[in-house]
Amino acid sequence: MQVTSPAFKENAAKALADVTLQKALKNVETGFIAKRAAAAAALPEFEALRDAARDLKNHVLAHLDLYLEAYEKKVVAAGGHVHWAESAEDARRIVTDICKRLGARTVTKGKSMITEEIALNDHLEREGLIPVETDLGEYIIQLRGEHPSHIVAPAVHLTKEQVAGDFRRVHTHLDAARDLTEPVTLLSEARAVLREKFLVADVGITGANFLIAETGTSIIVTNEGNGDLTQTLPKAHIVMASLEKIVPTLEDVDTLLRVLARSATGQEMSVYTTFSTGPRREGDPDGPGEYHVVLLDNGRSAMLGTEFEEMLRCIRCGACMNHCPVFQAVGGHAYGWVYPGPMGAVLTPTLIGVDKAGHLPNASTFCGRCESVCPMRIPLPKMMRAWRNREWERALNPATLRSGLGLWAFVAARPGLYRLAARVSSMALRLLGRGRGRIASLPFFAAGWTKMRDMPAPEGATFMDQWKARAGR
Amino acid sequence: MSPAGSARPPRVALFVTCLVDLFRPTVGFAAVKLIEEAGCEVVVPTAQTCCGQPAFNSGDRKDAAMLAKKVIETFEGYDYLVAPSGSCAGHIATHYVELFDDADPWKARAERLAAKSHELVSFLVDVLGVTTTGARFAGTVTYHDSCSGLRELGVRDQPRKLLSAVDGLTLTEMKDPDVCCGFGGAFAVKYPDLSGAIVDKKTTNVVDSAAATLLAGDMGCLMNMAGRLSRKGAKIEVRHVAEVLAGMADGPAIGAGKKGA
Ligand code: SF4
């Protein structure tokens, strides 16, 4: 997919001016935040579970190679295949090779952000295959030729009226006069259309929320059950997962599942939690003939041992973006690549380079709400700051910022000079305020401030000057 | 309260903060009054300037560490460092230690200063045990939780507790008091549209609360919200919470001018 992260500012301005998008984005606030809060409050051990989840994932990351090896052995023992993909290109090639060998035409897909990361759909189409997204949200955005704007709710940037319009445009075999005002009608229409695709699919591709080392099992959670049909009906099931999805045991998965759904949607559990271990065995009523796991690295192992390692604890619940004032204001597409919101602000620079994604870790007020809700206690603001440190070291920031900050630090290191500068600024700003107490327009870098709001003028002489004048009180 | 059980009152060094120094001296005087009335001696070290947060958040660790050292040197000799800002106090109390390696002797000094650095209102309530400041304020107020104070230092109930003890004051909560106002330091200037959209939502909640006065504990947020409210033409007074708690809220509000213009 095309990277537009360098144009974050323009993207954001466009998003802010888009009335329909702004209407749709209201759902992020109303739909997720109160539900998560209620679910967290209803579980007395929720905070303790977050600690346990964090510790568990830290343990895994410290022994990643060990668990991955154990996992591979179990998958093979169950009759499956493990493919190691170092890059996006490797992963794409592995998938197309499997599809071609099986003479596949239609490929159904469950929700998977990894396949977005490696731009798999475009690639499959180029190879003459027909990828069909089966998650309702993914299906909708596929119809529109878009990309997900949210890692859990891919079509959260759309209103139901827009979706109804798309269905009418594409599902031309249905009665044009049908009523599509209710979301549930949209869902059943998509179901009916997708049912036929499931039946003709040759290969089913799903993501994985977790991989269990102890058993060689992959797990996906969905609310629509589309994952089940995607993986059981076709000849082959391909699981696309990144390395850090590994978890030691079934009990460990339990800990993560308990924080995942609550953090994501406020549910105690997602509606479907599907476990897959190997292909169909003799006597199984259904299941795929082949079971493949593509383990994608794509820069993740390089994060180990760096200040970004903790990002690998992420379980993709989306809570950080739901609670982010910036995400709420502009939605996910403005971030310009696959992963939006605070987790994207940390992850995207690692995956596509901070020179391209530099805006993302900067476009944050560091309000800290993301970290306060992250079930894995990932210090997102701290890592965004770590990106800013790297930008500073590599001198990627604007020269005006660097020299301005340098001058300010020089002055701030010299109290006498600083007092003088404060005194002069105070007088100048008061003059500009002209007794009104505020300034409507300022030049240079401060123009950004007065574009949206007035600048309150100083009350009077600086505190330090007044304090000195009162000395000997 | 005094270290080592000595009889002298605790010596509190006031960290004025750049924004209070330049824009709102009343807050500094209110802080002095509140701390003194709670039985402490207040000192205002003249060598202070800025805590260094702008450098730290811009990725300039070198200048951030240089300024942190100056603050440590200036303030480590007192019993407490207190700032009328959750943001500056939070920076000193939680981030200074991140600026130095374990082997660096400055790290231990940063840790010692962090342990005795506090945001003003939580200092009064949590450290000094203040339950009322004896102030009067006639009117309805709403209180915005500034992010750093709230999430780095746990400042939430303390200001509400002291405000509810103010004679004549009614506290009306706005919707989402704990959501960011969109200030974010340089963010407000670097991403004006975004910052503007966030503060617009915030000030809509402020207006909808129907309170006559908006209070918060950080000048950055207050100037941001006051500036947006006046730009929108909303007639809501904006003040630092210390002004009300100290009974010093009779002058013009933030951004209101001499004649209440
Ligand atoms: S960073 Fe945390 S809150 Fe955000 S998606 Fe990952 S686990 Fe969820």
Side-chain angles (χ1 to χ4, degrees), chain A residues 9 12-13 16 325-326 329-330 362-369 371-372 385 387-393 397 401 405-406 408-409 411-415 418 422 425-426 429 433 435-438 440 445-446 448-464 466-468, chain B residues 16 18 20-26 28-29 44 46-50 52 54-61 63 66-67 70 147-148 151-152 179-180 182-184 186-199 201 223-224 226-228 230-231 251-252 254-259 261:
Chain A
K9 269 190 161 182
L16 287 168
V326 174
V330 298
N362 278 286
S364 161
T365 64
F366 282 160
C367 79
R369 209 173 175 213
E371 182 177 355
S372 76
R385 198 183 290 107
W387 277 121
R388 298 187 192 184
N389 294 343
R390 292 215 180 169
E391 286 186 286
W392 190 271
E393 285 158 18
N397 344 54
L401 174 75
L405 208 63
W408 163 84
V411 174
R414 292 160 176 81
Y418 184 86
S425 311
S426 171
L429 287 167
R436 286 181 68 237
R438 57 180 179 267
F445 69 95
W449 180 279
T450 48
K451 181 175 179 193
M452 303 307 293
R453 73 223 109 189
D454 297 332
M455 172 64 96
E459 261 187 314
T462 67
F463 175 83
M464 292 308 249
Q466 292 192 43
W467 181 258
K468 206 166 134 199
Chain B
V16 179
C18 326
V20 165
D21 181 44
L22 179 56
F23 288 96
R24 199 71 180 163
T26 300
F29 289 107
V44 181
T46 51
Q48 63 178 299
T49 63
C50 171
F56 185 63
N57 283 345
S58 300
D60 178 6
R61 285 176 66 90
D63 282 329
M66 181 269 289
L67 291 169
K70 301 233 176 251
C147 299
S148 309
R151 300 197 182 86
E152 288 180 349
V179 171
C180 182
F183 171 61
F187 173 83
V189 184
K190 281 196 291 186
Y191 300 96
D193 299 330
L194 256 176
S195 173
I198 299 171
V199 70
K201 196 187 282 178
M223 289 174 58
N224 181 36
R228 185 65 194 169
S230 69
R231 181 64 61 89
I254 295 169
K258 293 231 162 34
K259 295 141 237 138

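Just so it is clear: chains get the letters A, B, ... in the order the sequence lines come, proteins before strands, and each one is counted from 1.
Taking CG of A:Asp454 as the start and CZ of A:Arg436 as the end, the distance is 7.0 Å to the nearest 0.5 Å.
Using a cutoff of 4.0 Å between basic side-chain nitrogens and carboxylate oxygens, A:Lys451 and B:Asp193 are scored as salt-bridged.
Among A:Ala12, A:Ala13, A:Gly433, A:Gly448, the residue with the largest count of heavy-atom pairs under 4.5 Å with chain B is A:Gly448. Heavy-atom pairs under 4.5 Å with chain A peak, among B:Gly52, B:Ala55, B:Cys50, B:Pro192, at B:Pro192. Between chain A and the options B:Cys18, B:Pro54, B:Ala197, heavy-atom pairs under 4.5 Å are most frequent for B:Pro54. Comparing B:Phe183, B:Phe29, B:Phe56 by how many heavy-atom pairs each has under 4.5 Å with chain A, the most go to B:Phe29. Counting heavy-atom pairs under 4.5 Å between each of B:Asn224, B:Asp63, B:Val20 and chain A puts B:Asn224 at the top. Of the listed residues (B:Val179, B:Val199, B:Thr26), the greatest number of heavy-atom pairs within a distance under 4.5 Å of chain A belongs to B:Thr26. Of the listed residues (B:Gly184, B:Gly227, B:Cys180, B:Cys147), the one with the most heavy-atom contacts under 4.5 Å to chain A is B:Gly227. The candidate with the highest count of non-hydrogen atom pairs below 4.5 Å against chain B, out of A:Arg369, A:Glu393, A:Met455, A:Lys9, is A:Arg369.
Heavy-atom distances place both the backbone and the side chain of B:Leu194 under 4.5 Å from chain A. In this structure, the portions of A:Gln466 lying under 4.5 Å from any heavy atom of chain B include both its backbone and its side chain. Both the backbone and the side chain of B:Phe23 come within contact range of chain A, judged by heavy atoms closer than 4.5 Å. Both the backbone and the side chain of B:Arg24 come within less than 4.5 Å of a heavy atom in chain A. Both the backbone and the side chain of B:Leu22 have a heavy atom closer than 4.5 Å to some heavy atom of chain A. For A:Ala413, the parts lying under 4.5 angstrom from a heavy atom of chain B are both the backbone and the side chain. Contacts of A:Asn397 with chain B are made by side-chain atoms alone, with heavy-atom separations under 4.5 Å and no backbone atom involved. At a 4.5 Å heavy-atom cutoff, B:Ser148 makes no contact with chain A through either its backbone or its side chain. Only the side chain of A:Ser372 comes within contact range of chain B, with at least one heavy atom under 4.5 Å from a heavy atom of that chain. Both the backbone and the side chain of A:Thr450 come within contact range of chain B, judged by heavy atoms closer than 4.5 Å. Heavy-atom distances place both the backbone and the side chain of B:Lys190 under 4.5 Å from chain A. Heavy atoms closer than 4.5 Å to chain B are found in both the backbone and the side chain of A:Val326. Interface residue B:Met66: only side-chain heavy atoms are found under 4.5 Å from chain A. For B:Val16, the part lying near chain A is the side chain, with the backbone staying farther off; criterion is any non-hydrogen pair under 4.5 Å.
Remark: the backbone N or O of A:Cys367 is paired with a side-chain donor or acceptor of B:Arg151 at under 3.5 angstrom. No donor-acceptor pair under 3.5 Å is formed between the side chain of B:Arg228 and the backbone N or O of B:Gly196.
When the salt bridge (charged side-chain N to carboxylate O under 4.0 Å, His left out) test is applied to B:Lys201, the partners found at least two apart in sequence or on another chain are A:Glu29. Under the rule for a side chain to side chain contact (heavy atoms under 4.5 Å, CB included), the partners of A:Ala422 that lie at least two apart in sequence or sit in another chain are A:Thr462, B:Asp21.
Side-chain atoms of B:Glu152 and A:Phe366, non-hydrogen and from C-beta on, never get closer than 4.5 Å to each other. Two residues are said to be in side-chain contact when any heavy atoms from C-beta on lie closer than 4.5 Å; B:Asp60 and A:Trp408 fail this criterion. Between A:Trp387 and A:Arg390, some side-chain heavy-atom pair lies under the 4.5 Å cut-off. Within the 4.5 Å cutoff, the side chain of B:Tyr191 has no heavy atoms near those of the B:Ile198 side chain. A heavy-atom distance below 4.5 Å is not found between the side chains of A:Arg438 and B:Arg231.
For A:Arg388 and B:Asn57, the side-chain atoms include no donor-acceptor pair closer than 3.5 Å.
Taking every heavy atom of both residues into account, A:Met464 and B:Thr46 meet most closely at CE-CA, 4.0 Å.
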